[in-house]
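Order of listing sets the numbers, starting from 1, for every ligand and every atom in it.
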Amino acid sequence: MRKTFKSDLKWSDVTPRTAFLNRRQIIAGAAALGAMATPALAGLGAVESAYSTDDDPNTFEEITRYNNFYEFGTGKEDPARNAGALTTDPWAVQIDGLVDRPGSYDLGEILSGVTLEERIYRFRCVEAWSMVIPWVGFELSTLLNRVGVQPSAKYVAFETLVRPEEMPGQRRPILDWPYREGLRLDEAMHPLTILANGIYDEPLPNQNGAPLRLVVPWKYGFKSIKSIVRITLTEEQPLATWNMVNAREYGFYSNVNPQVSHPRWSQATERRIGGGLLSRRQETLMFNGYGEDVAGLYAGMDLKKLF
Ligand SMILES: Nc1nc2c(c(=O)[nH]1)N[C@H]1C(S)=C(S)[C@@H](COP(=O)(O)O)O[C@H]1N2
Ligand SMILES: [Mo]
């Protein structure tokens, strides 16, 4: 089982897959030799996690050039083209609602209290494409525990930045800004749920939701809200952007489920984004393959009704 190895190579943006796989072989080799002391720190200095998948990760280029981030336009290439203008420093996150220590928390302050981990997760968009992304981040529960969740809290609401001067998509009523998402508290506290601030040991590119975005790997990608400026603990189920657009097509839960079709397409299979011959359609897994870890959250729930 992979665990707690420091990064020992800095990955190149140009040939990330090769560098990445070499690095993993080096780490596996070091583990086999019992070489526990791998002291070098590189990049964000994340430690590896047993929650990572063994699936081949997508390249840095694939992950950063094919995006959904409607604040920067609706085309898959718009975010990479337009998001460079976003100012991500300074950055603060307002944490409020049913918490003991509400306030505006500077990003540096948030990051100083966490252990960054590498989490290689499958990522499944509701549009039936998927990738494998080596995130760097930390468990959302760490942050929520630090601010103190009050017993009456049942949900967590998230909001993305509103800054139309830097986000051209927000100058048009594409969505009802800000982009909003929400989780049930037990989903938010689950160890698989992370806030990411990096990819491939590099700071998160703006088009992927810099400087801080949610990643919930067993749910459709739109739940993983980007560029978060507000986290609110609530008693009522919060509003969620795509659910507001069309509740019949996008449920509040939106757990990946090959048995529940989108009204306009099947969710039984997905297209794994990838170069040339490796590109392939594959079967979609229940809870995106994370059922062993998360199915218990939904015991007794009718997942066709509460989809
Ligand atoms: N604020 C915001 N967050 C967002 C979106 C968005 O348009 N705005 N798109 C969502 C969708 S549909 C997907 S699939 C993922 C895409 O993440 P990626 O571009 O890092 O792969 O971000 C999600 N988070
Ligand atoms: Mo998506």
Which atom of L44 lies closest to which atom of L116, heavy atoms considered: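 Heavy atoms only, the tightest pair is O-CD1, 3.8 Å.
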Close-contact set for ligand 1 against [X] heavy atoms, below 4.0 Å:
X: E71; answer: 1 (N), 2 (C), 6 (C), 7 (O), 8 (N)
X: C125; answer: 14 (S)
X: N208; answer: 18 (P), 20 (O)
X: T160; answer: 1 (N)
X: S224; answer: 22 (O), 23 (C), 24 (N)

Mode of [X] contact toward ligand 1 - side chain, backbone, both, neither (heavy atoms, under 4.0 Å):
X: M131; answer: neither
X: F123; answer: side chain
X: N67; answer: both
X: P79; answer: neither
X: R213; answer: side chain

Which option, S130, A80, G221, owns the non-hydrogen atom nearest atom 13 (C) of ligand 1?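 Nearest heavy atom to atom 13 (C) of ligand 1 lies in G221.
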Any idea which of Y179, F69, W177 brings a heavy atom closest to atom 4 (C) of ligand 1?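 It is Y179 that holds the nearest heavy atom.
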State, without any angle test, whether D100 and Q150 hold a side-chain donor-acceptor pair at a distance under 3.5 Å.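 Looking only at side-chain atoms, Q150 and D100 do form a donor-acceptor pair, the distance falling under 3.5 Å.
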Assess the side chains of Q207 and R65: does a donor N or O sit below 3.5 Å from an acceptor N or O?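 No, because no side-chain N or O of Q207 sits under 3.5 Å from a partner of the opposite role on R65.
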Chi angles and distances behind the side chain to side chain contact (heavy atoms under 4.5 Å, CB included) call for F123, W135: CA-CA 11 Å; F123 187 87; W135 302 107; 4.0 Å; yes
Please list the nearest protein heavy atom to [atom] with its residue and the distance rounded to 0.1 Å.
atom: atom 7 (O) of ligand 1; answer: Y70 N, 2.8 Å
atom: atom 3 (N) of ligand 1; answer: K226 N, 3.2 Å
atom: atom 9 (N) of ligand 1; answer: N68 O, 3.2 Å

Any carboxylate oxygen within less than 4.0 angstrom of a Lys/Arg side-chain nitrogen, looking at D302 and K304?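 Not counted as a salt bridge, because no side-chain N and carboxylate O are separated by less than 4.0 Å.
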Between R281 and E270, is there a salt bridge with N-O shorter than 4.0 Å?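 So E270 does not pair with R281 through a salt bridge.
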Under 3.5 Å: donor-acceptor pair, side chain of N243, backbone of L239: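 Here the side-chain-to-backbone pair does not exist.
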Main-chain N/O of R146 paired to R101 side chain as donor or acceptor, under 3.5 Å: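 Side chain of R101 to backbone of R146: a pair is present.
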Selection residues 69-81 - residue pairs positive for salt bridge (Lys or Arg N to Asp or Glu O under 4.0 Å), sequence neighbours left out: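 Sorted pair list: K76-E127, D78-R81.
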Ligand 1 N/O within reach of [X] N/O, cut-off under 3.5 Å:
X: W242; answer: no
X: W129; answer: no
X: W135; answer: no

Return the CD1 to OG1 distance between I225 and T241, rounded to the nearest 0.5 Å.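 I225 CD1 to T241 OG1: 6.5 Å, rounded to 0.5 Å.
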Where does the angle between the aromatic ring planes of F222 and Y220 fall among parallel (under 30°), tilted (30 to 60°) and perpendicular (over 60°)?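 F222 and Y220: parallel rings.
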